[in-house]
Amino acid sequence: MPAEEFVAGWISGALGLVLGHPFDTVKVRLQTQTTYRGIVDCMVKTYRHESLLGFFKGMSFPIASISVVNSILFGVYSNALLALTATSHQERRAQPPSYTHVFIAGCTGGFLQAYCLAPFDLIKVRLQNQTEPRAKPGSPPPRYRGPVHCAASIFQAEGPRGLFRGAWALTLRDTPTLGIYFVTYEWLCRQFTPDGQNPSSGTVLVAGGFAGIISWVAATPLDVIKSRMQMAGLKQRAYGGLLDCIVSSARQEGLGVFFRGLTINSARAFPVNAITFLSYEYLLLSWG
Ligand SMILES: CN(C)C(=N)NCCC[C@H](N)C(=O)O
């Protein structure tokens, strides 16, 4: 099993993550705090009070965990394509795989990455939703003191299965949308590249960016449900299951609820996935 796709996926995931973290910070602050009038207001206030560093708070945990998950996604995708088409990454420009094979390989990568992502994503969401101000003398401490404490608390309270809360919604979110992600990328690359040639850097950037946006637009409804399931029992009400969460969210807040965070998610998706694909392709090309 070729391993370089895993390594390239890991490095490119980390680069995308660093670039996307400021957008993620703004998204989380807008979703959890009421002091901002919108995206620009949140950016200006963050910069004024905390300088540029404010946008990069809490980045170490996602870098250590989510970039590893990206390595699983890209590694499994490429190896699934190898199994389906018997072509290596280098051979795929001369012998392009069918979109059906690309979709199946993307869904396989998405399914497996979702399973590995579930506990890390749960911890990230729980910590991001912790809106208590930093501990002051005399004030009650926040529920979780950091990622390790958060994981240990969930494990103690709910056992190992607790760490997989929301995993079904995450799997349903990622399996088809990662198929869409790789099909969009491949389709756009092929539109702007002469047959048999490697796409230019500009093409990879644009195709990667749009693959990110389109897959996140498709993923947002289940992203909302996933986050609610992950928070269930803490700040939000407990749900009877995935379907109950979908139905009661729609009943109480209307269909618009399924598109919360769409603008900032899309703005984040373009640069993150443009740089992820560019570095992934560049690394594999330079390793020959
Ligand atoms: C729609 N979905 C779930 C995705 N496209 N997932 C792939 C993640 C790529 C990148 N790390 C990101 O966070 O956008």
Side-chain angles (χ1 to χ4, degrees), residues 5-6 8-28 58-59 61-78 80 102-103 105-118 120-122 124-125 128 166-188 204-227 229-230 258-281 283:
E5 281 93 344
F6 286 94
W10 177 59
I11 298 173
S12 60
L15 287 173
L17 207 128
V18 173
L19 200 69
H21 200 75
F23 294 91
D24 206 50
T25 305
V26 172
K27 180 186 89 171
V28 169
M59 198 173 64
F61 176 65
I63 282 244
S65 56
I66 293 175
S67 55
V68 174
V69 173
N70 202 65
S71 117
I72 294 170
L73 170 64
F74 279 79
V76 171
Y77 166 73
S78 194
V102 171
F103 184 74
C107 291
T108 312
F111 180 80
L112 287 174
Q113 80 122 31
Y115 200 72
C116 305
L117 178 64
F120 299 123
D121 193 62
L122 174 70
K124 182 177 95 64
V125 167
Q128 284 179 320
W168 261 115
L170 186 62
T171 309
L172 284 178
R173 183 196 80 176
D174 282 5
T175 305
T177 55
L178 283 156
I180 295 172
Y181 180 64
F182 285 108
V183 167
T184 309
Y185 174 72
E186 271 304 313
W187 186 80
L188 284 170
V204 171
L205 281 172
V206 171
F210 277 106
I213 293 185
I214 288 169
S215 62
W216 273 109
V217 169
T220 299
L222 272 162
D223 190 47
V224 173
I225 296 305
K226 174 219 57 118
S227 301
M229 300 286 293
Q230 288 172 324
F258 296 122
F259 294 97
R260 277 218 188 135
L262 184 67
T263 311
I264 188 87
N265 249 350
S266 308
R268 175 193 162 280
F270 192 92
V272 169
N273 292 288
I275 204 72
T276 299
F277 272 105
L278 184 68
S279 46
Y280 177 77
E281 295 282 6
L283 287 169

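Ligands are counted one by one from 1 in listed order, and the atoms in each one are counted from 1 as well. Sequence positions, counted from 1, serve as the residue numbers for this chain.
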- Query: So Phe210 and Phe270, would you call those rings parallel, tilted or perpendicular, with 30° and 60° as cut-offs?
  - Reply: perpendicular
- Task: Record the part of Ile66 in heavy-atom contact with ligand 1 below 4.0 Å; permitted values are side chain, backbone, both and neither.
- Result: neither
- Item | Closest candidate by heavy atom, reference atom 11 (N) of ligand 1, pool Asn70, Leu17, Val217 | Asn70
- Task: Please indicate whether any nitrogen or oxygen in Asp174 is less than 3.5 Å from any nitrogen or oxygen in ligand 1.
- Result: no
- Item | Proximal atoms of ligand 1 relative to Tyr181 (non-hydrogen, under 4.0 Å) | 5 (N), 9 (C)
- For Ala219, the ligand 1 atoms whose distance to one of its heavy atoms is below 4.0 Å: 1 (C)
- Only one of Phe6, Phe182, Trp10 clears ring-ring contact (aromatic ring centres under 6.0 Å, His included) with Phe74; which? Phe182
- Query: Could you walk me through whether Tyr280 and Tyr77 pass the ring-ring contact (aromatic ring centres under 6.0 Å, His included) check?
  - Reply: CA-CA 13 Å; Tyr280 177 77; Tyr77 166 73; 8.1 Å; no
- Contact (N/O only, under 3.5 Å) between Thr177 and ligand 1: no
- Message: If I take atom CE from residue Met59 and atom CG from residue Asp24, how far apart are they, to the nearest 0.5 angstrom?
- Response: 11.5 Å
- Message: I'd like to check whether Trp216 has a polar contact with ligand 1, where a contact means an N/O of the residue lying under 3.5 Å from an N/O of the ligand.
- Response: yes
- Note on the structure: If we number the atoms of ligand 1 from 1 as shown, the ones under 4.0 Å from a heavy atom of Leu178 are 4 (C), 5 (N), 6 (N), 7 (C)
- Item | Minimum-distance protein heavy atom relative to atom 13 (O) of ligand 1 | Arg268 NH2, 2.8 Å
- Message: Students should be able to answer this: which protein heavy-atom is nearest to atom 10 (C) of ligand 1, and at what distance?
- Response: Asn273 OD1, 3.4 Å
- Return the option from Gly20, Ser215, Ala218, Pro62 holding the heavy atom at the smallest distance from atom 5 (N) of ligand 1. Ser215
- Message: For ligand 1 and Gln113, I'd like to know whether there is a polar contact (N/O to N/O, distance under 3.5 Å).
- Response: no
- Evaluate side-chain hydrogen bond (donor to acceptor under 3.5 Å, both in side chains) for Tyr185 paired with Asn273, printing each intermediate quantity in order. CA-CA 10 Å; Tyr185 174 72; Asn273 292 288; over 6 Å; no
